There are 2 protein chains.
Amino acid sequence: MSLKYALLGFLNYADMTGYELKQHFDSSIQHFWNAKLSQIYPALSQMEKDGLLVMEVEYQEQRPNRKVYKITAAGRQELKRWVGTTMELQSVREAFLVQVFFMAQLDRESALGVMRHQLEQYRKRLENYHLFKKSFSEVVPAEVFKEDAVFWELTLDAGIKYGTAAVEWVEEAIEKIKGMERVKGGLEVSHDG
Amino acid sequence: MSLKYALLGFLNYADMTGYELKQHFDSSIQHFWNAKLSQIYPALSQMEKDGLLVMEVEYQEQRPNRKVYKITAAGRQELKRWVGTTMELQSVREAFLVQVFFMAQLDRESALGVMRHQLEQYRKRLENYHLFKKSFSEVVPAEVFKEDAVFWELTLDAGIKYGTAAVEWVEEAIEKIKGMERVKGGLEVSHDG
DNA sequence: ATTATATATATAAACATTTATATATATAAT
DNA sequence: ATTATATATATAAATGTTTATATATATAAT
């Protein structure tokens, strides 16, 4: 469960409400970890019970009160412990590869259709990473965040590396599928006359 | 939920028990999708209720009876529909990147320690993929599985591509961390005297 | 005028997944 | 002799995650 640590990580920079935390998820770590508000709110309550956070209500008129969470010393310690922990490799979960594994079920053209659609999606995602990286390089981070920004950018680089690998893999896969002997679902065309 | 379709996919090749299905998971799609027996058994029951499978009991003495599942026509149809469906890109979930994102918390050496450990793990995983690929190339698949084997190998190629990207990324990340200005957690060493 | 988006929290229900526990025996390895 | 592994299924409990629903208002866009 990285959600808890992501919340601690953001609250280590500033006190925030659940709503604001969600915005940080969406604008920074969204490409490798995301969470819905319906998961964030109960998580914050639980972490408060566990003494990792304290909550203070900011009263508002005509709107729900803001519940501002603040990280405690115990929370800071738990965050620091976790970022320094070496962990087992988590297992990969890639539904698309399950699809590919059983794709011999499909005729050639349908298979190519699915692969090309995936290629388009991978390309768009990669392009977004590149745009993000560009805007990232243009903004010089404040002195206090210089150190942090190096690591933030590393996670973006990971996205670009994986994204590039994904695009290249599908491109090669498409060529291999095109080159398959036409046994099922197509004519066996002779090219020597 | 790909579990259901993975089960349909394997049962499309042969009738099997839950236990045998688990073995297929472990020996073929494990590197991009896995499941515990405690997830597989209830899933099979549900799929039987839904008419995608039928079950027949093989009586055994001194052991639990074997419940052999067989795919139905409806199951075959559902499998074929699913493999031909273009889907939204699923979001990435990579706990390690959350760790990296907040790693400025750590002193330089601890950060490098965590990264090097991850590099070792990525390398081992990649090496396994390469070994698998080699053994895969050596075994000539039976005529009936020629077509299928192309797709099976494609999923392995994906593992190798992603695995290579992961190794390269951490290697580069380590160099970047080494090159960071030493602001916190270390001596600022002067090299000009 | 109407619709969409943003602000702000909360809960219920459903779905997906892991960990733990229970049962029972055969065979292979140390 | 003892331990580990393989065969075979099942359920409970806990955890993690998504979808849906509810409430209430302000502001921006069409």
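Computed from a predicted model, the values in this text were never measured in an experiment. Letters A, B, ... are given to chains in the order of the sequence lines, protein chains preceding strands, and every chain is numbered from 1.
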Quiz item: Listed by chain and number, what are the ring-ring contact (aromatic ring centres under 6.0 Å, His included) partners of B:Tyr41, not counting sequence neighbours?
Solution: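 For B:Tyr41 there are no ring-ring contact (aromatic ring centres under 6.0 Å, His included) partners, ignoring immediate neighbours.
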Quiz item: Sequence neighbours excluded, which residues qualify as ring-ring contact (aromatic ring centres under 6.0 Å, His included) partners of A:Tyr13?
Solution: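 Partners of A:Tyr13 by the ring-ring contact (aromatic ring centres under 6.0 Å, His included) criterion, ordered by chain and then number, come out as A:Phe145, A:Trp152.
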Quiz item: How close or far is atom P of C:dT7 from atom CZ of A:Arg66, stated in whole angstroms?
Solution: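 So the CZ-P distance, A:Arg66 to C:dT7, works out to 11 Å.
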Quiz prompt | Between C1' of C:dA8 and CD1 of A:Ile40, the distance in whole Å | solution =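 Rounding to the nearest Å, CD1 of A:Ile40 and C1' of C:dA8 are 13 Å apart.
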Quiz item: Is there side-chain contact between B:Tyr5 and B:Val83, with at least one heavy-atom pair below 4.5 Å?
Solution: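 Not touching, per the 4.5 Å side-chain cut-off.
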Quiz item: Is the distance from OP1 or OP2 of C:dT9 to the nearest side-chain N or O of A:Tyr19 less than 4.0 Å?
Solution: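 No, because none of the side-chain N or O atoms of A:Tyr19 sits under 4.0 Å from OP1 or OP2 of C:dT9.
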Quiz item: Just by protein heavy atoms under 4.0 Å, how would nucleotides 11-18 of chain D read 5' to 3' in B, S and -?
Solution: B----SSB
Quiz item: If you write DNA chain C from 5' to 3' in dot-bracket form, with Watson-Crick or G-U pairs under 3.5 Å, [ ] for crossing pairs and | for pairs with another strand, what do you get?
Solution: ||||||||||||||||||||||||||||||
Practice problem: Verify, without hydrogens or angle tests, whether B:Gln118 (side chain) and B:Gly113 (backbone) share a donor-acceptor contact under 3.5 angstrom. | Solution: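 Absent.
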Practice problem: Would you check if there is a donor-acceptor pair between the side chains of A:Asn12 and B:Gln105 at a distance under 3.5 Å? | Solution: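 Indeed, the side chains of B:Gln105 and A:Asn12 share at least one donor-acceptor pair under 3.5 Å.
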Quiz item: Quick one: side-chain contact (heavy atoms from CB on, under 4.5 Å) partners of B:Glu94, sequence neighbours excluded?
Solution: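 Residues passing side-chain contact (heavy atoms from CB on, under 4.5 Å) with B:Glu94: A:Phe32, A:Gln90, A:Tyr162, B:Val92, B:Leu97, B:Tyr122.
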Practice problem: Quick one: list whatever passes side-chain contact (heavy atoms from CB on, under 4.5 Å) with A:Glu127, sequence neighbours left out. | Solution: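 Testing A:Glu127 for side-chain contact (heavy atoms from CB on, under 4.5 Å), a comparison that skips the adjacent residues, returns none.
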